[in-house]
Trainee: 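Sharing a structure here in structure tokens format.
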Amino acid sequence: MATAVMTPAFLVSGPGLGQTPIADGNSKRSFRTGLDSDSTLVERCLSGDDTAWEDLIRLHTRRVYSLCYRFTNRDAEAQDLTQEVFLRIFKNLKTFRSDEGSFGTWLAR
């Protein structure tokens, strides 16, 4: 019997898939369709852009959570592991090389 997977609230806040927040003229966040490339976001993160880090997390959280849930089959554990994964990404982001492959591949390693 298949079990339904509920998407935790922390994964559904913010922009939907295919949208990235951008600053408009009034310094408010708005959304546009289309995404900055992951390598551009990584470059912005490494230069200290907090918004780019938030965007990178927002783009990849669902994928990371799904993978963690697949291994644990428990929501709370998958959420904890997802946070751990992003902490490791934060600490090791400077090792990402866009000329060696996609960010998604690097993330999966």
Side-chain angles (χ1 to χ4, degrees):
M1 177 182 200
T3 334
V5 176
M6 300 288 290
T7 303
F10 80 96
L11 294 179
V12 293
S13 61
L17 294 175
Q19 295 178 330
T20 303
I22 57 172
D24 64 15
N26 299 322
S27 297
K28 294 180 182 176
R29 292 170 69 109
S30 59
F31 301 95
R32 66 174 164 81
T33 303
L35 305 172
D36 286 336
S37 72
D38 288 338
S39 57
T40 302
L41 286 173
V42 169
E43 288 175 24
R44 289 176 47 210
C45 288
L46 292 174
S47 69
D49 185 344
D50 292 338
T51 303
W53 174 245
E54 292 170 11
D55 293 346
L56 200 61
I57 291 172
R58 198 172 287 116
L59 287 171
H60 294 281
T61 297
R62 200 170 290 217
R63 177 180 177 199
V64 171
Y65 172 81
S66 296
L67 190 62
C68 292
Y69 188 86
R70 191 178 320 158
F71 282 105
T72 63
N73 216 22
R74 294 191 175 149
D75 177 58
E77 286 181 43
Q79 287 184 35
D80 289 344
L81 284 173
T82 299
Q83 288 181 355
E84 291 294 323
V85 166
F86 281 103
L87 282 173
R88 287 183 116 186
I89 291 169
F90 183 78
K91 291 177 182 177
N92 296 299
L93 194 58
K94 62 186 171 287
T95 66
F96 170 69
R97 303 286 179 258
S98 61
D99 57 338
E100 295 176 5
S102 73
F103 181 78
T105 302
W106 180 84
L107 172 68
R109 286 188 293 160

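Predicted model only: the values in this text are computed from it and were never measured.
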Trainee: Tell me every residue that passes side-chain hydrogen bond (donor to acceptor under 3.5 Å, both in side chains) with Asp80, counting only those two or more places apart in sequence or in another chain.
Mentor: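 Expected list: none.
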
Trainee: Report all side-chain donor-acceptor pairs from residues 96-109 shorter than 3.5 Å, counting only partners two or more places apart or in another chain.
Mentor:
{"unit_1": "Arg97", "atom_1": "NH1", "unit_2": "Lys94", "atom_2": "O", "d": "2.7"}
{"unit_1": "Ser102", "atom_1": "OG", "unit_2": "Thr105", "atom_2": "N", "d": "3.1"}
{"unit_1": "Ser102", "atom_1": "OG", "unit_2": "Thr105", "atom_2": "OG1", "d": "3.0"}

Trainee: Let me check something: do Ile57 and Val85 share a hydrophobic cluster, defined by ILVMFWY side-chain heavy atoms less than 4.5 Å apart, either directly or through other members?
Mentor: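 Looking at the clustering, Val85 is in the same group as Ile57.
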
Trainee: Just wondering, do Asp75 and Tyr65 contact through their side chains at under 4.5 Å, heavy atoms?
Mentor: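 Contact flag for Tyr65/Asp75 side chains = yes.
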
Trainee: How far does SG of Cys68 sit from CG of Asn73, to the nearest 0.5 angstrom?
Mentor: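 With rounding to 0.5 Å, SG (Cys68) is 12.5 Å from CG (Asn73).
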
Trainee: Applying a strict under-4.5 Å side-chain criterion to I, L, V, M, F, W and Y, I'd like to know whether Leu59 and Phe90 cluster together.
Mentor: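 Yes, because Leu59 and Phe90 connect within a single hydrophobic cluster, where side-chain heavy atoms sit under 4.5 Å apart.
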
Trainee: Nearest 0.5 Å please: distance from the CG atom of Leu81 over to the OH atom of Tyr69.
Mentor: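 So the CG of Leu81 and the OH of Tyr69 are separated by 13.0 Å.
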
Trainee: Are any of the side-chain heavy atoms of His60 and Asp38 separated by less than 4.5 Å?
Mentor: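 Counting from C-beta outward, His60 and Asp38 do come under 4.5 Å.
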
Trainee: Please report the interatomic distance CG(Leu93) to CD(Glu43), rounded to the nearest 0.5 Å.
Mentor: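 Output value for this atom pair is 10.5 Å.
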
Trainee: I'd like to know if the side chain of Asn92 reaches the main chain of Arg88, judged simply by a donor and an acceptor atom lying under 3.5 Å from each other, with no hydrogens or angles considered.
Mentor: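 Checked: pair present.
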
Trainee: For residues Leu46 and Trp53, determine if any side-chain heavy atom of one lies less than 4.5 Å from a side-chain heavy atom of the other.
Mentor: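 The answer is no, as the side chains (C-beta and beyond) never meet within the 4.5 Å cut-off.
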
Trainee: Linking I/L/V/M/F/W/Y whenever their side-chain heavy atoms sit closer than 4.5 Å, directly or via other members, would Leu41 and Phe86 fall into one cluster?
Mentor: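 Hydrophobic grouping puts Leu41 with Phe86.
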
Trainee: Are Arg44 and Leu56 close enough that some pair of their side-chain heavy atoms sits under 4.5 Å apart?
Mentor: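 Of all side-chain heavy-atom pairs linking Leu56 with Arg44, none is under 4.5 Å.
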
